[in-house]
Structures are given as structure tokens and as C-alpha cells.
There are 2 protein chains.
Amino acid sequence: MTDERRKFKREPAEARKEALILATLELVAENGVRGATVRGIAQRADVTQGLIRHYFSSKEELIIAAYEHHMNQMTDLTFAPGAAAGSARARLRAFVDGSLTPPVVDPRALALWASFLNKVQNDPQMKETHERTYAYFRDRLEVLIAAALEEAGRPAPAARLRQLAIACNAVIDGLWLEGGALPDAFAPGELVEIGRHSVAAITGLDLMQEAGT
Amino acid sequence: MTDERRKFKREPAEARKEALILATLELVAENGVRGATVRGIAQRADVTQGLIRHYFSSKEELIIAAYEHHMNQMTDLTFAPGAAAGSARARLRAFVDGSLTPPVVDPRALALWASFLNKVQNDPQMKETHERTYAYFRDRLEVLIAAALEEAGRPAPAARLRQLAIACNAVIDGLWLEGGALPDAFAPGELVEIGRHSVAAITGLDLMQEAGT
DNA sequence: GGAGAAATTATACACTTGCATAATTACGCG
DNA sequence: CGCGTAATTATGCAAGTGTATAATTTCTCC
């Protein structure tokens, strides 16, 4: 007798957990946190609903795990590209480019952000993850701007650096938001071009020329 | 016999509808669209749940009515302040100020935006309302920028105007978002100052001096 | 190959949800 | 005043929710 029709297959714990988390993110993006039901998640991950309880002690815990997974992925996607670049100006440009290109700019990413917002504001653990990630982004951007200004021979005081970082972060966030909300409203590369121009105008740096070592 | 303990009071239809819509917006902001239950809305509006069916044929219809009410209010709040101002530069500055001051910048407004996003992307009617409002904002901003540039003796071609409007809209949206997400992270007036500086830097216009006729 | 343990499924339960329908109540109008 | 109509409440229902627990199945190890 062949076991070809065995009723299920055992999987390594980490793989199953990740599959459940990915299914959760899909459904949260499509239907919001409350719309991502335990049964729906199980179906999307090709398991029965009972299994979720075996890996996560509650739906709440699964949601939190999914949120942290998503935030880590977004961070990696944003900072991976420019890590190796040479000049501060080139790294700043790489940061802008990475933040305004798929898969960071993406309807699904925006939907996830919006869906999680409510829970982020209420749940202390998720709030902590959110604020940490946000501070990480903005601090890193501020350091990049400071280095690029220094490099250009025009260092700026801390108070001004803070304002520049807030402004550049805002324009990037705004473009990210609009690119995700209206994917067809912008030509390929248009967001990057506008983002570069805007950051350049705000900081007074030249981000347009390609050579950057 | 005094009727002091009569079990309910009749209200004009419009007043009751608005009360239900306001209660809906409260709950949507707090718990998301799915978290805003018919029973919760009725309780918040001090009626029993059956009454909702009397004024709205379904929860869906109530949600759509609430969304349109909210969008209209946001539009009014943004454009009312600067309508009467004199020079184009002053009107542009009033637009920036209005967009970056409470009650436009507000955690509740951000929560509503995020909560509605999912439904906006799926429901055609809500999508239409959203895109119309968004286009109205950006077109109006583009017209303001065009007039201010003209006024300053530096008219710009259409393609550049489009990019300037997208960029300015993005920085305003981004600051609006961050002000709503982290209300305590910014000093009063700080967002307006950063917003003015950023729009000024992007467009090359001077928005800082106060006199504006 | 077969026992033991862990992964997975199957089933059940109490609760909430939106909606429908019947029963009351208030209030204008003769 | 009292009658009728519409606003409002009261009650019920079928479907969906998260979670708990029992029943199976797979796989490892000897």
C-alpha cells in the first residue's frame, strides 16, 4: 500500500510557523486584522485551524509575530541596497531609491501598514516595535544627511539636522504612501526622480548626478 | 402623570442620521470598520440596534455615509482657512498651515484614514469618493503653486508643475501622517514650520515672511 | 516492524455578528 | 381627546468567531 494519500505531512516547526505568518500577512493585507480569521489563515496555509493553536497560543500572538516579521522585512528591504555604497551622498541616494521602489512601494505594503495601525496604537508590544522601527529609520536618515552635508563642506547644527531629517522622511513617506495607494498614477522611476529632487532641494545637496564614489 | 420616564424620544431624521454617522466614525477610528459593530454604534448613539436598520438599509450603507461625511469635513477644514487670502503665495501658505494643524493633523483623522483604506480599495463607490477627493487636493495644490510661481515671475511648464505638486503633496501628507502617528513627537507649530520650509525649498518660493497681500 | 511522542486533524462550545421581523411607544392632526 | 402613523424598541435567528479538547496520523528510534 502506497502512502501517497496520507492525510498530512509533518513539517519543521520553523517552516510551519513562517507559512502561518505569511498566510496571516496575506489575509491582513486583504481584509484587515479582524478580517484575517483563524479559519481563513489556516485555509490559506493549507492546514486545519487547530494547528494554529499548536504553534501560537492565541490569534493575538500570531498577529504580533506577523507584524514583527513584516517590519523586519521592510527594514531589510530599505537598507540592504545602500549598505555598501561609498560616499555619504551615494548612500543617501541609495536610501531614497530603496524606499521609493518596489517592493517597498507596494499596495500590499501600504495595506498592511494601514491594517496594523489600529492595533499598533493600542497594543503596547506592537507600539514598541513600531516606534523602534520608526526611530531607526529617521535616525539613520539623519546620520546620512549629516554625513553628506559634512562631506560637502556644509555641516549643520543638530537642531537643523533634526528638521531636515523630519522633512526628508516626510517626503519619502508621502511618496511611498501615494505610490502604494495609486500604483498606476506614476510612471516607473517617477517616484524615485521626484524623491531625489525633493531631498536635494530640502537639504541643498546634489543627488542627481550618477557617479557617487 | 408626568411623562418624565418616557422610554424614548423622537428626533428629526437628519439629526438621528448624523448622530449615527458620528457614532460610527468614533468606533471606526477606535476599532476599525469591522470592529465598529452595529450594536456598538447603536450604544454610542444612545439608541437600540434596530434603529440603524430604519435609517440605513445595511451596515455597509452606514459605513459609506460615514466615510463621505468624514471626507467632506476634511476637505472643508483644509480649504476654509485660506479661501479669502490675497496673494497666491499667501494662499499657498494658508494651505500648508491648514493641512498641518489640528484638527486635520490628529490621531483620530489618521486612524480613520487607515481604517477606511481597505474598504476604499475594494468598494467601487468608496474608491470613487477617495480618488475624487485626492485629485481635488492635488489639483488645487498644483494651481496654487502655478499661481505663486507666476506671481514671482518664474512660471513653470506643466510637466514640472506636476512634479512640484506631487512632491509638495507628499511632504504635506508625510508630515500629516507623522503628526497623527506620533502626536507628542513634535512641538506646537513645528510641523507647520517644517512644512513651510520644505515647500519653499522644493518650489523655490519664499513662504517664510509673514506679510502676504 | 512496532511503540511512544509529537504533529495534525476533528469536533464541540460559548459568544458575537448582521439582519429580519414583531411588538411597543411617541407624537402630530382631526 | 384619541387615533393613526411612523419612530423606536424588543426579540429571534442563522452564520461566523476564537478557543478548548479529544481523536487521529505521522515519524523517529530501538
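Checking dT8(C), dA7(D), dT26(D) against the side-chain heavy atoms of Arg6(A) singles out dT26(D) as nearest. You'll find that the side chain of Thr48(A) is closest to dA10(C), out of dT9(D), dT25(D), dA10(C). The nucleotide whose nearest atom lies closest to any side-chain atom of Lys9(A) is, among dT8(C), dC27(D), dA6(D), dC27(D).
The distance from atom CD of Glu11(A) to atom C1' of dA7(C) is 11 Å, rounded to the nearest whole Å. Here dT9(D) presents its P atom at 6 Å from CG of Leu51(B), a figure rounded to the nearest Å. Atom P of nucleotide dA20(D) and atom CD of Glu61(A) are separated by 12 Å, given to the nearest angstrom. What separates CZ of Phe8(A) from C1' of dT25(D) is a distance of 4 Å, to the nearest Å. Distance, Ile41(A) CD1 to dT9(C) P: 15 Å, rounded to whole Å. Between the NZ atom of Lys17(B) and the P atom of dA6(D) there is a distance of 16 Å, given to the nearest Å. Residue Gln43(A) contributes atom CD, which lies 18 Å from atom P of dT8(C) at whole-angstrom precision. Separating the CG atom of Asp46(B) from the C1' atom of dT8(D) is a distance of 13 Å, rounded to the nearest angstrom.
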(message) Each nucleotide in nucleotides 12-23 of chain C should get exactly one letter: B, S or -. Can you fill that in based on protein heavy atoms under 4.0 Å?
(response) B----BBBS---

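Note on residues 46-67 of chain A: pairs passing ring pair (Phe, Tyr, Trp, His ring centres under 6.0 Å), not counting sequence neighbours, are Tyr67(A)-Phe116(A).
Because its NZ or CZ atom is not both nearer than 6.0 Å to the ring centre of Phe95(A) and within 45° of the ring axis, Arg140(A) does not count as a cation-pi partner of that residue.
Within the 4.0 angstrom heavy-atom criterion, no nucleotide atom of any strand lies near Phe56(B).
Listed pair Tyr55(A) / dA7(C) fails the phosphate criterion, with no side-chain N or O lying under 4.0 Å from OP1 or OP2. Using a 4.0 Å cut-off, no side-chain N or O of His54(A) falls inside it from OP1 or OP2 of dT8(C).
Using the six-membered ring where Trp is involved, Phe79(B) and Tyr136(B) have ring planes that are perpendicular, over 60° apart on the 30 and 60° scheme.
The local environment of CD in Gln43(B) is sparse, with at most 12 non-hydrogen atoms from other residues, nucleotides or ligands closer than 6.0 Å.
At a threshold of 4.0 Å, the pair Arg138(A)-Glu142(A) does not count as salt-bridged, since none of the basic side-chain nitrogens sits closer than that to a carboxylate oxygen.
Under the ring pair (Phe, Tyr, Trp, His ring centres under 6.0 Å) criterion, Tyr134(A) pairs with no residue, sequence neighbours left out.
For the residue pair Ala147(B) and Arg91(B), the shortest heavy atom distance occurs at CB-NH2, 4.4 Å.
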